[in-house]
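Here is the structure we will look at, set down as structure tokens.
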Amino acid sequence: MALELELDDEEEDPDFIYGDIVHDTEADEPIALVVVNIPGLELDEWEFEDGDTLADKTPKYPDDDEVIVVTPLDVLEEYMPRWDEREAAIPLEELVEEEIPFAPFPSLQLVRVEDSHLRD
């Protein structure tokens with residue numbers, strides 16, 4: 001019985017990892033988005049140039065929800081054709097330097113539709 005309890009205590013796979021294909025649950029016609037970075041920030045910690053936070057812009061989601069950074073799949077394939085051979089997330093600085101369009105989302109606004117190449 002102790003063995004069963006230990007198995008139950010194991011951590012589950014994270015909801016999102018680099019390379020997962022997701023949809024925006026609020027989009028009228030969802031497009032394929034790729035998770036490119038998970039900065040480890042909560043919505044109230046991601047600040048835009050205008051001073052608003054992601055929590056300010058998405059008030060229906062909890063302020064402590066996790067920020068997930070995505071890029072449209074077709075855009076990522078144009079800028080970085082071999083993105084699906086990477087083993088790690090694309091740093092935010094690299095996205096900015098390479099001028100790859102990206103957007104932060106509340107994790108609760110996204111749904112995974114295809115698993116990353118990095119998932120077992």
Side-chain angles (χ1 to χ4, degrees):
M1 183 141 179
L3 198 64
E4 286 180 35
L5 291 175
E6 285 178 27
L7 292 176
D8 290 344
D9 289 343
E10 283 185 29
E11 278 190 38
E12 294 180 20
D13 284 343
D15 290 339
F16 301 106
I17 64 170
Y18 171 74
D20 281 337
I21 307 296
V22 299
H23 282 169
D24 174 357
T25 59
E26 295 188 8
D28 291 333
E29 294 185 28
I31 62 168
L33 302 168
V34 181
V35 174
V36 292
N37 190 290
I38 301 170
L41 298 173
E42 295 179 352
L43 303 187
D44 60 358
E45 297 173 318
W46 181 282
E47 193 170 311
F48 293 94
E49 289 180 9
D50 64 5
D52 283 349
T53 65
L54 187 53
D56 296 329
K57 295 182 184 279
T58 57
K60 70 192 236 179
Y61 297 100
D63 290 357
D64 64 352
D65 188 22
E66 185 175 30
V67 174
I68 305 295
V69 178
V70 300
T71 298
L73 176 59
D74 57 344
V75 170
L76 187 59
E77 287 180 337
E78 177 184 328
Y79 282 86
M80 193 176 283
R82 296 170 53 165
W83 69 269
D84 59 348
E85 296 175 15
R86 287 180 69 105
E87 295 289 321
I90 303 168
L92 295 174
E93 299 78 26
E94 185 175 340
L95 292 169
V96 171
E97 285 173 14
E98 298 294 325
E99 298 181 358
I100 300 172
F102 65 89
F105 277 84
S107 72
L108 295 172
Q109 188 175 337
L110 300 173
V111 61
R112 190 171 73 222
V113 296
E114 188 177 318
D115 286 347
S116 168
H117 60 287
L118 298 176
R119 289 187 188 267
D120 292 51

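Residue indices begin at 1 and follow the sequence shown.
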**Request:** Apply the test side chain to side chain contact (heavy atoms under 4.5 Å, CB included) to residues Val34 and Met80: give CA-CA distance (whole Å), side-chain angles for both, the deciding distance (0.1 Å), then the verdict.
**Result:** CA-CA 12 Å; Val34 181; Met80 193 176 283; over 6 Å; no
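- For the residue pair Asn37 and Pro39, the shortest heavy atom distance occurs at OD1-N, 3.1 Å.
- One hydrophobic cluster, built from ILVMFWY side chains closer than 4.5 Å, holds both Leu41 and Phe48.
- Checking Ser107 against Asp65 by side-chain atom types alone, a donor-acceptor pair falls below 3.5 Å.
- Put simply, the side chain of Phe102 does not reach to within 4.5 Å of the side chain of Val75, judged on heavy atoms.
- To the nearest 0.5 Å, atoms NE2 (His117) and CG (Asp84) are separated by 6.0 Å.
- Side chains of Glu114 and Leu73 form no contact here, defined as non-hydrogen atoms less than 4.5 Å apart.
- Following chains of ILVMFWY side-chain contacts shorter than 4.5 Å, one cannot reach Tyr79 starting from Val35, and the two form parts of different hydrophobic clusters.
- Two residues are said to be in side-chain contact when any heavy atoms from C-beta on lie closer than 4.5 Å; Arg112 and Leu110 fail this criterion.
- Ile68 and Val111 fall into different hydrophobic clusters, where Ile, Leu, Val, Met, Phe, Trp and Tyr side chains are chained together by heavy-atom contacts under 4.5 Å.
- Using a 4.5 Å heavy-atom threshold, the side chains of Val69 and Trp46 count as touching.
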**Item:** side chain to side chain contact (heavy atoms under 4.5 Å, CB included) evaluation trace for Leu76 with Ile90
**Value:** CA-CA 11 Å; Leu76 187 59; Ile90 303 168; 4.1 Å; yes
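- In terms of heavy-atom proximity, Val67 sits nearest to Ile38 at O-CG2, 4.0 Å.
- Residues Ser116 and Asp20 form a side-chain contact, since some pair of their non-hydrogen atoms from C-beta on lies under 4.5 Å apart.
- Rounding to the nearest 0.5 angstrom, the gap separating the CD1 atom in Ile100 from the CG atom in Leu92 is 11.0 Å.
- For Thr71 (side chain) and Pro101 (main-chain N/O), a donor-acceptor pair under 3.5 Å exists by modelled atom type.
- The hydrophobic clustering, which links ILVMFWY residues whose side-chain heavy atoms are closer than 4.5 Å, places Trp83 and Leu33 apart.
- Minimum heavy-atom separation, Arg119 to Pro14: NH2-O, 3.1 Å.
- Transitive grouping of hydrophobic side chains (ILVMFWY, heavy atoms separated by less than 4.5 Å) brings Val36 and Ile17 into a common cluster.
- Separation of atoms CG (Leu118) and CD (Glu87) is listed at 5.5 Å; rounding is to 0.5 Å.
- Phe105 is not listed as a side-chain neighbour of Leu54, based on a closest heavy-atom distance of 4.5 Å or more.
- With sequence neighbours left out, the side-chain contact (heavy atoms from CB on, under 4.5 Å) criterion links Tyr61 to Thr25, Glu26, Leu43, Thr58, Pro106, Leu108, Gln109.
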